[in-house]
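Computed over heavy atoms, backbone and side chain alike; hydrogens, waters and symmetry mates excluded. By convention in this document, chain letters (A, B, ...) are assigned in the order of the sequence lines, proteins followed by strands, and residues within each chain are numbered from 1.
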Amino acid sequence: MPDKKRTVRVPIGPQHPALKEPESFMVDLQGEKISSVALRLGYNHRGIEKGCEERTYMQDLYLVERVCGICSHSHATAFIQAVEEIAGLEIPRRAKYIRTLIAELERVHSHLLWLGVAGHEIGFDTLLMYSWRDRELVMDLFAELTGNRVNYAMNTLGGVRRDIAAEQVPHIQKIVDALEERTKYYIELAMTEETLAQRLSGVGYLSKEDAIRLGAVGPTSRASGADRDTRRDDPYAAYDELDFKVITDDHCDVFGRTVVRLGELMQSYSMIRQILKQMPEGPIAVKAPLKIPAGEAVSRYEAPRGEDVHYVRANGTDRPERVKVRAPTLANTQSVAKMLEDGYLADLPIVVAAIDPCFSCTDRTIAVQGNGDSKTMGWEELVRYGVRWYRDRGVDPSRIKVRGDGLA
Amino acid sequence: MNVARKMVRWGQRKSPWILHFNTGACNACDIEIIAALTPRFDLERFGVLLKGTPRHCDIMACSGPVTRQIESRLVRIYEQVPEPKLVVAVGSCATSGGVFSGLYNVKGGIDQVIPVAAYIPGCPASPQAIIDGFAKLLKTLEEGK
């Protein structure tokens with residue numbers, strides 16, 4: 001019988017090659033409860049910021065787009081907005097609308113992706129399969145509108161690279177309608193399914209005060225009742241001309257984060273419809289200089305995961321002097337440490353997944369050390385452990401029946 | 001070839017289990033690998049199963065350029081995969097370093113560190129390309145190359 005008082009240290013990480021914020025958690029366990037969590041950042045760093053200084057602004061755009069393959073438009077737009085501000089470029093209104101359209105489609109694809117991953121982490125793989133199937137509709141749309149499923153390369157200095165043709169509009173509307181139907185169903189599922197409420201409520205609690213104190217951003221902060229959204233607070237692109245609600249929730253737990261993301265999906269659909277209706281005619285780009293005059297700018301952008309901040313300093317040449325990226329997951333990692341405290345080890349996968357870190361990269365090798373001997377536990381194994389732990393307590397999301405329909 | 005080895009080869013061909021390992025990718029290829037396993041593309045119809053641990057897998061699907069920190073871990077994970085093993089480099093970065101080549105913390109493609117059996121280009125490699133790459137790799141196995 002192991003001594004319950006003894007603390008067992010579980011290192012989780014450090015592979016998290018998402019953007020610049022691969023993370024490692026040192027989890028101290030007392031029995032099954034997590035007593036404290038220490039964070040370590042800085043693994044798997046590629047050196048993109050330094051690389052930006054050696055490349056021209058146009059080359060940087062492609063490099064910055066690949067900071068993250070899920071919110072690639074977010075990083076590219078945040079970067080290009082800063083450069084345009086320094087250069088004093090006013091981009092055409094149509095370009096602003098197209099940027100916003102891609103941004104909202106990206107949010108749709110990212111939130112659907114999150115929904116599936118969250119389902120997987122709690123042993124609800126049916127949801128993963130359904131939501132990823134629905135997500136393929138958005139990916140098709142991206143391929144049609146931008147030429148690529150991911151890393152769309154839609155932005156260019158002074159506007160966007162591709163126009164939206166009038167014939168494409170009904171098709172976009174059709175897909176948005178289909179996705180809205182599915183999302184309504186997912187909301188109904190989340191609200192009425194008791195198993196999901198049992199599994200997600202109270203897990204990963206983060207109070208409003210803590211969310212603000214630890215600088216949480218995006219859906220993580222909004223699910224804790226902190227009403228922050230860069231799209232409304234500091235509008236960029238076409239957001240000041242769109243009508244939308246900032247979704248908040250006061251559950252402060254993983255359930256709240258699910259509700260917020262599903263609500264945001266509905267808002268995104270409404271925004272996409274408005275964009276298609278209001279999109280002005282005109283050019284899609286203005287001519288931009290190769291050399292950017294000296295100056296500096298900070299650009300804020302509400303990525304699907306939260307506020308993304310880019311800082312650019314120009315020195316009058318065709319290359320920036322300094323580029324700094326603060327990606328949203330970095331802002332949320334401190335909150336994760338707080339959420340995990342006093343929780344169970346079995347909840348770790350879903351709590352970490354709930355901030356939507358660039359996920360597929362999350363850690364695979366976990367060594368559980370205790371009493372001199374150690375055991376290696378993969379992320380998958382930890383997920384299975386969590387699923388089993390809850391199943392033994394009568395919570396089994398895999399029994400939930402999901403209704404399909406003729407989509408895709 | 002003895003009988004046991006033949007059996008393993010046959011199993012590997014009919015149902016290769018893959019380990020997905022991110023060596024510093026931007027996430028795009030990783031998402032596309034998962035997308036290839038979900039209903040639209042359904043790589044599983046070729047018997048391909050995604051596994052969580054290197055000790056259970058036949059094929060390593062690596063995405064991303066090799067960063068200096070990941071290098072030793074990549075070698076360690078590669079050594080944990082039982083023989084006969086194959087490595088597939090998914091995406092342009094895994095093939096050559098791609099857009100990240102020349103960055104101070106990036107070594108280059110996967111083949112700078114471990115031997116690679118198949119390259120799937122694309123930024124990111126689309127699920128169709130990934131399926132095609134795997135199908136071609138399985139075919140070469142069948143021909144006993």
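Proximity to chain B is absent for every atom of Asp125(A), based on heavy atoms less than 4.5 angstrom apart. No part of Ile33(B) comes within reach of chain A, as not one of its non-hydrogen atoms sits under 4.5 angstrom from that chain.
For the pair Asn148(A) and Ser126(B), the minimum side-chain heavy-atom distance is 4.5 Å or more. Using a 4.5 Å heavy-atom cutoff, the side chains of Leu113(A) and Ile31(B) are in contact.
Considering all non-hydrogen atoms of both residues, Phe100(B) and Arg66(A) come closest at CZ-O, 3.4 Å. The heavy-atom pair separating Leu103(B) from Arg55(A) by the smallest distance is CD2-NH1, 3.6 Å. The two atoms that bring Met129(A) and Leu37(B) nearest to each other are CE-O, 4.2 Å, heavy atoms only.
In this structure a side-chain-to-backbone donor-acceptor pair under 3.5 Å is missing from Asp30(B) to Gly69(A).
Summarising the geometry, atom CZ belonging to Arg135(A) is positioned 10.0 Å from atom CD1 belonging to Ile34(B); distances are rounded to the nearest 0.5 Å.
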